[in-house]
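These notes concern the structure reproduced below.
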Amino acid sequence: MFTETFNELLEEHGLNRKQFADKSGIPYTTVIGWTTLGRLPDYTAMCRIADFFGCSLDYVAGRHGEYDDGKNAVNVSAAERKLISKYRKLRTDDKELVIKLINAIERDADETDKQLDG
């Protein structure tokens with residue numbers, strides 16, 4: 001579970017293993033051990049990973065029931081995590097389009113609800 005989560009975090013932040021190692025100060029050989037040899041990081045390394053990515057230790061450990069971005073702890077499903085990951089990769093103007101689309105869908109749903117209630 002850790003390896004999956006770690007790889008997702010790397011992808012979300014547009015980093016490869018070498019870039020993460022360089023930026024985090026964790027030796028590249030250690031990162032390779034986690035991602036290819038099935039080793040698990042120790043507590044100190046887990047804390048450094050969580051701090052680096054701005055998420056909780058639970059999240060880094062693969063306990064995906066909650067995602068803590070440092071501001072709010074939110075329950076998210078696997079599908080929602082995938083959407084968040086894809087959204088974060090979008091350009092700013094594309095993110096704005098997604099928000100406009102969601103707002104339009106919400107307005108349409110509200111109007112439909114009013115028609116059904118009325």
Side-chain angles (χ1 to χ4, degrees):
M1 198 60 151
F2 164 78
T3 303
E4 251 179 51
T5 301
F6 182 71
N7 286 330
E8 286 173 7
L9 286 166
L10 289 175
E11 186 178 328
E12 277 182 28
H13 289 82
L15 298 171
N16 62 37
R17 295 176 296 189
K18 178 75 170 124
Q19 291 168 324
F20 170 78
D22 291 343
K23 291 181 180 194
S24 69
I26 296 172
Y28 179 64
T29 53
T30 301
V31 175
I32 292 299
W34 302 335
T35 57
T36 59
L37 301 176
R39 295 184 182 144
L40 294 173
D42 62 18
Y43 177 75
T44 303
M46 291 283 277
C47 289
R48 288 177 70 184
I49 295 165
D51 289 345
F52 182 87
F53 288 117
C55 60
S56 69
L57 282 171
D58 277 349
Y59 190 81
V60 172
R63 297 179 67 182
H64 291 288
E66 288 193 0
Y67 179 80
D68 184 355
D69 64 2
K71 298 176 192 120
N72 303 307
V74 181
N75 287 326
V76 294
S77 68
E80 290 167 326
R81 280 194 312 278
K82 193 171 191 175
L83 284 172
I84 291 167
S85 177
K86 289 181 181 218
Y87 177 83
R88 287 180 175 170
K89 293 176 190 174
L90 295 174
R91 296 185 328 239
T92 301
D93 54 335
D94 291 334
K95 287 178 181 178
E96 291 171 5
L97 285 173
V98 169
I99 291 169
K100 286 179 183 178
L101 177 62
I102 291 169
N103 289 336
I105 291 169
E106 284 179 331
R107 279 192 304 274
D108 186 53
D110 289 344
E111 288 175 20
T112 300
D113 288 346
K114 285 179 187 176
Q115 289 174 358
L116 292 174
D117 290 340

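Residue indices begin at 1 and follow the sequence shown. All of these numbers come straight from a predicted model, not from anything done at the bench. The analysis underlying the following values was restricted to heavy atoms, covering all of them including side chains, and did not include hydrogens, waters or symmetry mates.
The number of heavy atoms from other shown groups lying within 6.0 Å of NZ (Lys95) is above 12.
Here the NE2 atom belonging to His13 is positioned 6.0 Å from the CZ atom belonging to Arg88, to the nearest 0.5 angstrom. Leu116 CG to Thr112 OG1: the interatomic distance, rounded to the nearest 0.5 Å, is 6.5 Å. Taking CD of Glu80 as the reference point, atom CG of Leu83 lies at 7.5 Å (rounded to 0.5 Å). Rounding to the nearest 0.5 Å places CG of Asp58 at 11.0 Å from OG1 of Thr5. In this structure, the separation between CG on Leu57 and OH on Tyr43 is 5.5 Å, given to the nearest 0.5 Å. If you take OG1 on Thr3 and CG on Leu40, they are separated by 7.0 Å, rounding to the nearest 0.5 Å.
For the pair Phe53 and Tyr59, the minimum side-chain heavy-atom distance is 4.5 Å or more. Put simply, the side chain of Phe6 does not reach to within 4.5 Å of the side chain of Val60, judged on heavy atoms. Lys89 places none of its side-chain heavy atoms less than 4.5 Å from the side chain of Lys86.
Each of Thr35, Leu37, Thr36 was scored for a side-chain contact (heavy atoms from CB on, under 4.5 Å) with Arg39, with one residue passing: Leu37.
For Asp108 (side chain) and Ala104 (main-chain N/O), no donor-acceptor pair under 3.5 Å exists by modelled atom type.
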Practice item. Dump the intermediate steps for side chain to side chain contact (heavy atoms under 4.5 Å, CB included) on Leu9 and Phe52, then the final yes or no. Key: CA-CA 10 Å; Leu9 286 166; Phe52 182 87; over 6 Å; no

Point to revise | From CA spacing to verdict: side chain to side chain contact (heavy atoms under 4.5 Å, CB included), Glu4, Met1 | key: CA-CA 5 Å; Glu4 251 179 51; Met1 198 60 151; 4.2 Å; yes

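Clustering ILVMFWY residues whenever any of their side-chain heavy atoms sit less than 4.5 angstrom apart, transitively, puts Ile102 in the very cluster that holds Tyr87. Hydrophobic clustering of Ile, Leu, Val, Met, Phe, Trp and Tyr side chains at less than 4.5 Å, counting indirect connections, keeps Ile99 apart from Leu97. Note on Tyr28 and Trp34: separate hydrophobic clusters, where clusters join Ile, Leu, Val, Met, Phe, Trp and Tyr whose side-chain heavy atoms are under 4.5 Å apart, directly or indirectly.
Minimum interatomic distance between Ala21 and Val31 (heavy atoms only, all atoms of both residues): CB-CG2, 4.1 Å. Summarising the geometry of Leu10 relative to Arg17, their closest heavy-atom pair is CD1-CG, 3.9 Å, with the distance given to 0.1 Å. Of all heavy-atom pairs spanning Pro41 and Met46, the tightest one is CG-SD, 3.3 Å. Between Asp94 and Leu90, the shortest heavy-atom distance links the atoms CB-CB, 4.1 Å. The two residues Lys23 and Leu15 come nearest to each other via the heavy atoms NZ-CD2, 3.9 Å. The heavy-atom pair separating Glu12 from Ser85 by the smallest distance is CG-OG, 3.4 Å.
The residues Asp22 and Lys18 are annotated as salt-bridged, a charged nitrogen and a carboxylate oxygen being separated by less than 4.0 angstrom.
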